[in-house]
2 protein chains.
Amino acid sequence: MATIYQVSEAAGVSLATVSRVMNGNARVSERTRKKVEDAMASLGYQPNAIAQSLASNRTNSVGLLVSELHGSYFGDLMSTVEQVLKQNGKHVIITAGHVDEKREHEAIEFLKSRRCDALILHAEAVSDEYLKQLVDGNIPVVVINRKVDDLNDNCFVVDNEQGGYLATQAAINAGHKNIGYISGPLFKKDASDRLSGHKRALEEAGIKFEETSMFEGDFHESAGQEGMLHLQKHYPKFTALVCANDEMASGAMTAAREAGFDIPEQLSIVGFDNVLFSRYLYPKLTTINNPIHAMGEMAAYWVLQHVYNIKSPIPIEHLFVPEVINRDTLGNL
Amino acid sequence: MATIYQVSEAAGVSLATVSRVMNGNARVSERTRKKVEDAMASLGYQPNAIAQSLASNRTNSVGLLVSELHGSYFGDLMSTVEQVLKQNGKHVIITAGHVDEKREHEAIEFLKSRRCDALILHAEAVSDEYLKQLVDGNIPVVVINRKVDDLNDNCFVVDNEQGGYLATQAAINAGHKNIGYISGPLFKKDASDRLSGHKRALEEAGIKFEETSMFEGDFHESAGQEGMLHLQKHYPKFTALVCANDEMASGAMTAAREAGFDIPEQLSIVGFDNVLFSRYLYPKLTTINNPIHAMGEMAAYWVLQHVYNIKSPIPIEHLFVPEVINRDTLGNL
DNA sequence: CTGTTAGCGCTTTCAT
DNA sequence: ATGAAAGCGCTAACAG
């Protein structure tokens with residue numbers, strides 16, 4: 001691997017000059033620039049980003065923490081963030097926290113140790129305290145899908161409670177009164193918020209919430225199947241099912257079909273997230289749009305603006321509103 | 001940010017000693033180790049990975065190139081690779097090439113510039129020549145899902161031709177004679193190999209391949225819908241449909257249902273990949289297992305063994321065999 | 001077992 | 001416009 005030193009020798013100039021043409025900031029005469037560029041080309045020179053980072057204290061990379069590397073939701077998030085950042089010459093270093101406090105912590109420390117210029121975190125397990133500390137530290141941090149008190153300027157969230165409300169309200173408006181609910185793991189804020197919204201909608205409509213009408217899942221497809229089975233047993237009168245995310249809705253749909261239910265004729269289903277595949281299910285899933293794409297984009301723009309002084313093309317906003325996406329799984333009773 | 005120098009001062013020892021306790025390789029007396037550890041703790045010291053890398057010429061990170069950051073296939077791959085590597089204390093730096101020669105090239109150069117200790121590439125657009133050069137260079141490289149001549153030891157592939165053959169053979173064995181085919185983009189080797197397998201199975205059964213029986217898609221769900229529409233128009237007699245991947249199969253299923261077909265009573269469908277969600281479709285998709293999980297695992301183990309001298313727990317193999325996963329979308333005629 | 005001392009490859013003043 | 005030189009924070013001989 002050729003180094004800057006060899007380039008400078010081949011070009012007959014100093015290290016500093018080579019560095020200048022690489023970075024294009026200081027002025028260099030046409031002639032020397034040409035000499036240097038030729039030397040770089042003929043040596044196949046490739047700057048060592050590690051050395052550049054150490055010397056400049058800039059890595060041009062931002063760390064992204066997600067919970068998992070698979071799944072539509074995180075796929076969308078990673079894709080979006082990468083796209084915006086790459087367009088602006090920045091790189092993304094992705095790590096997974098697996099919704100485990102220790103592993104999230106380690107992942108964040110890893111990103112810090114790589115001296116990322118900023119952090120975009122979808123952190124679910126780590127404490128508020130830790131996040132606050134992080135923000136107070138010397139590295140810019142934004143948090144996605146989690147509201148931390150006193151950190152509003154760094155948080156990008158969707159109103160999950162409202163989303164849960166809208167989902168159930170949609171079912172109620174379609175005439176349903178016995179509504180099953182498959183929630184996410186309730187230790188997660190988004191899951192419990194969505195459930196709160198569900199209860200609010202019920203209450204508003206004068207429907208009493210029954211414990212047996214609900215099943216706590218883990219946001220995975222298999223939990224949808226389990227939930228479906230559970231509800232058939234303990235709350236057989238339900239005519240509509242609201243699920244706290246699309247994966248579980250998909251699992252529930254499969255289980256329902258296997259149990260012989262026609263959807264939506266005999267059972268209505270509403271999801272949450274509006275993940276890409278939801279429109280490819282059959283019937284197409286009625287769901288709540290979770291603007292994860294917009295949030296990821298916004299987080300990336302925030303970083304560009306605050307860290308790299310690149311003006312965001314859109315105004316920075318922190319609260320995103322969910323909305324009902326009407327498709328084919330919610331039928332009128 | 002505390003540096004190693006401050007730690008050494010606080011502990012009253014030299015830089016070298018601090019470095020030693022960090023790396024735990026050379027022997028250090030219990031007492032000094034304790035002093036150093038205390039100093040590190042009280043200063044909240046965190047090693048600068050950038051500086052470590054520069055000095056040691058080791059980054060403990062391996063670069064992973066995928067085509068996209070979303071989608072089940074790449075999600076599986078990323079997850080698997082990360083898991084194996086992380087278990088062994090190595091980190092993964094993920095980049096996306098978007099099946100574009102220039103972008104793949106840039107992504108690889110980025111990984112090289114970050115001085116990854118090794119590269120795991122799912123490269124689709126870059127030339128064989130370039131890959132050979134890379135392997136001959138000074139950085140260990142493995143290639144996933146692509147066979148490059150003279151590079152067999154660095155390639156991990158599934159037999160796509162055989163997979164295509166098996167898919168169509170399964171349909172034939174179920175009594176189908178008029179079989180539609182939705183292929184991937186044929187400039188991709190895996191797509192054209194699968195199509196070759198399809199044709200071989202047809203030929204073997206004495207069925208003539210008709211141009212109108214096939215639609216070239218792009219591996220995305222929407223292409224499944226388009227393909228379905230196309231075939232209904234130009235090859236209406238088909239009773240079975242083989243798709244070159246599960247996403248397109250899913251799209252085709254949706255389109256078929258909308259067109260009023262019962263699956264598999266009126267139309268059988270076979271996919272390819274056995275991506276996670278394929279078992280959550282309704283009916284559950286009959287498909288060909290593409291051992292992407294196994295390949296990713298193997299690639300990671302190869303790297304551990306060849307780069308980090310960590311012995312692989314399983315023998316390294318390069319060719320993976322596809323197999324039929326019988327579920328519910330293939331019916332007997 | 002511990003300290004001294006060169007670098008790793010680059011950026012960035014400060015001169016010229 | 002260009003060069004000299006001092007680091008960035010750490011590792012790795014080499015001494016002792």
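Note on naming: letters A, B, ... go to the chains in the order of the sequence lines (proteins, then strands), and numbering restarts at 1 for each one.
Note that the two end axes of the helix from C:dC1-D:dG16 to C:dT16-D:dA1 enclose an angle of 30°, each drawn from 5 base pairs, rounded to 10 degrees.
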Validation: residues 45-52 of chain A side-chain donor-acceptor distances under 3.5 Å, sequence neighbours left out:
| unit_1 | atom_1 | unit_2 | atom_2 | d |
| --- | --- | --- | --- | --- |
| A:Gln46 | NE2 | B:Glu109 | O | 3.3 |
| A:Gln46 | NE2 | B:Glu109 | OE1 | 2.6 |
| A:Asn48 | OD1 | A:Ile50 | N | 2.8 |
| A:Asn48 | OD1 | A:Ala51 | N | 3.1 |

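Scanning for side chain to side chain donor-acceptor pair (under 3.5 Å) contacts around B:Thr3 gives an empty result, with sequence neighbours left out. Take B:Glu104 and apply the salt bridge (Lys or Arg N to Asp or Glu O under 4.0 Å) test, not counting sequence neighbours, and it matches no residue. Not counting sequence neighbours, the partners of A:His91 by the ring-ring contact (aromatic ring centres under 6.0 Å, His included) test are B:Phe110. For B:Asn23, the side chain to side chain donor-acceptor pair (under 3.5 Å) partners are B:Ser19, not counting sequence neighbours. Take B:Arg146 and apply the side chain to side chain donor-acceptor pair (under 3.5 Å) test, not counting sequence neighbours, and it matches B:Asp128. When the salt bridge (Lys or Arg N to Asp or Glu O under 4.0 Å) test is applied to B:Lys86, the partners found at least two apart in sequence or on another chain are B:Glu82. By the side chain to side chain donor-acceptor pair (under 3.5 Å) test, A:Glu297 is found to be paired with no residue, residues two or more places apart in sequence or in another chain being considered.
A heavy atom closer than 4.0 Å to some atom of DNA chain C occurs in A:Tyr45, A:Pro47, A:Asn48, A:Ala51, these being the qualifying members of residues 42-51 of chain A. Heavy-atom distances under 4.0 Å link DNA chain C to no residue of residues 107-117 of chain B.
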Enumerate all atom pairs, one protein N or O and one N or O from nucleotides 4-7 of chain C, separated by less than 3.5 Å.
none

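An OP1 or OP2 oxygen of D:dT2 is reached within less than 4.0 angstrom by a side-chain nitrogen or oxygen of A:Ser29. Within the structure, a side-chain polar atom (N or O) of B:Thr32 is placed less than 4.0 Å from OP1 or OP2 of C:dT2.
Note: A:Phe74 and A:His122 have perpendicular aromatic rings, judged against thresholds of 30 and 60 degrees for the angle between ring planes.
Closest to the side chain of B:Ile4, out of C:dT2, C:dT11, D:dG9, is D:dG9.
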